[in-house]
Participant: 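This structure is in structure tokens; I'll ask about it shortly.
This is a predicted model, so every value here is computed, not measured. Just follow the structure's listing: the first ligand is 1, and inside any ligand the first atom is 1.
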Amino acid sequence: MKYLWENNKELVNQLQRESKLFHSSIHGFKHWRTVEKNGLYLSQFNGGDPLVISHFAYFHDCMRVNEHRDDGHGLRGGKYALKNKDILELNEHQLDLLYKACTGHTGGRNPSCDTIACCWDADRLDIIRVDAKPDLQWYNTDVARDMVIKNDFTPIDN
Ligand SMILES: [Fe+2]
């Protein structure tokens, strides 16, 4: 199966128990699935690692405690992922990328590799869910930038 939520039910069940906003439509499971879908799409066009991107989707916001400005939630999500590495099928390098992607996802610029660029763009492309207009300065991959410039998001529409 293509998506991590289908392949790692143990992870999903654990997040359902431990993530405060799991059921939130803004920062919860629904958003995470969209981020995974967006990220896997973007990874087709650069060297992004799909497995890391899928994991980013479920960890980056999982330790949020509110829906607004929540300082440190990326760092908490990254640490939570490392703490749970035994239920993830990632090697040390992939875990390191996952941690960095989570930690820097809020306001991060100049991603150090294609994988992190896909993660951040995938999250930021879902800004449309809160009716905000994407701002080109926050996008790093060519494909996401092209969608923002053309204001055409049909490639990632459901
Ligand atoms: Fe997010």
Side-chain angles (χ1 to χ4, degrees), residues 2-8 11-46 48-84 88 90 94-141 143-145 147-148 153 155-158:
K2 186 173 170 186
Y3 295 111
L4 184 63
W5 67 268
E6 300 170 299
N7 288 323
N8 194 340
L11 172 61
V12 175
N13 289 337
Q14 181 171 320
L15 288 171
Q16 190 162 6
R17 288 192 305 269
E18 299 187 352
S19 175
K20 189 178 174 204
L21 298 185
F22 184 90
H23 295 287
S24 156
S25 61
I26 301 175
H27 289 114
F29 188 52
K30 181 168 181 262
H31 166 58
W32 307 342
R33 280 178 294 166
T34 304
V35 172
E36 180 177 32
K37 183 175 64 69
N38 292 349
L40 294 183
Y41 176 76
L42 296 176
S43 75
Q44 294 176 286
F45 305 97
N46 67 12
D49 180 339
L51 205 52
V52 174
I53 294 163
S54 286
H55 284 77
F56 167 83
Y58 298 94
F59 283 106
H60 76 286
D61 278 340
C62 78
M63 287 292 109
R64 270 186 171 274
V65 291
N66 67 53
E67 304 272 25
H68 314 287
R69 178 173 161 169
D70 181 350
D71 289 336
H73 76 272
L75 177 63
R76 293 197 301 275
K79 286 182 175 170
Y80 181 79
L82 295 186
K83 195 177 98 182
N84 288 288
L88 312 179
L90 297 176
Q94 289 172 316
L95 284 168
D96 184 54
L97 287 180
L98 172 61
Y99 179 78
K100 286 181 176 143
C102 288
T103 299
H105 86 269
T106 304
R109 291 177 186 270
N110 304 315
S112 56
C113 65
D114 283 352
T115 299
I116 295 177
C118 285
C119 291
W120 293 354
D121 282 11
D123 184 32
R124 292 167 188 176
L125 280 171
D126 199 33
I127 196 167
I128 302 161
R129 76 195 184 285
V130 289
D131 286 329
K133 191 174 167 6
D135 180 349
L136 186 62
Q137 65 168 317
W138 293 107
Y139 296 86
N140 300 283
T141 64
V143 175
R145 290 179 63 83
M147 282 191 269
V148 173
F153 302 95
I156 52 166
D157 275 353
N158 286 313

Participant: Which protein N, O or S atoms does the Fe ion (ligand 1) have within a distance shorter than 2.8 Å?
Facilitator: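 Checking every protein N, O and S atom gives His31 NE2, His60 NE2, Asp61 OD2, Asp123 OD1.
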Participant: Any idea how Trp32 and Phe22 line up, ring-wise: parallel (<30°), tilted (30 to 60°), or perpendicular (>60°)?
Facilitator: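 The arrangement is perpendicular - the two ring planes meet at more than 60°.
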Participant: Under the salt bridge (charged side-chain N to carboxylate O under 4.0 Å, His left out) rule, what pairs show up with a residue in residues 48-67, not counting sequence neighbours?
Facilitator: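 For residues 48-67: Asp61-Arg64.
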Participant: Check salt bridge (Lys or Arg N to Asp or Glu O under 4.0 Å) between Arg33 and all other residues, then give those that pass, not counting sequence neighbours.
Facilitator: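 Once residues adjacent in sequence are excluded, Arg33 has no partner under the salt bridge (Lys or Arg N to Asp or Glu O under 4.0 Å) criterion.
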Participant: Taking ring-ring contact (aromatic ring centres under 6.0 Å, His included) as the test, write out the residues that go with Phe153, two or more places apart.
Facilitator: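 Partners of Phe153 by the ring-ring contact (aromatic ring centres under 6.0 Å, His included) criterion come out as none, since no residue qualifies.
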Participant: Assign the ring pair His60 / Phe56 to parallel, tilted or perpendicular, where the plane angle (0 to 90°) is split at 30° and 60°.
Facilitator: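 His60 vs Phe56 ring planes: parallel.
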Participant: Under a 4.0 Å threshold between the charged nitrogen and the carboxylate oxygen, would Asp135 count as salt-bridged to Lys133?
Facilitator: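 Looking at Lys133 and Asp135, the cut-off is not met.
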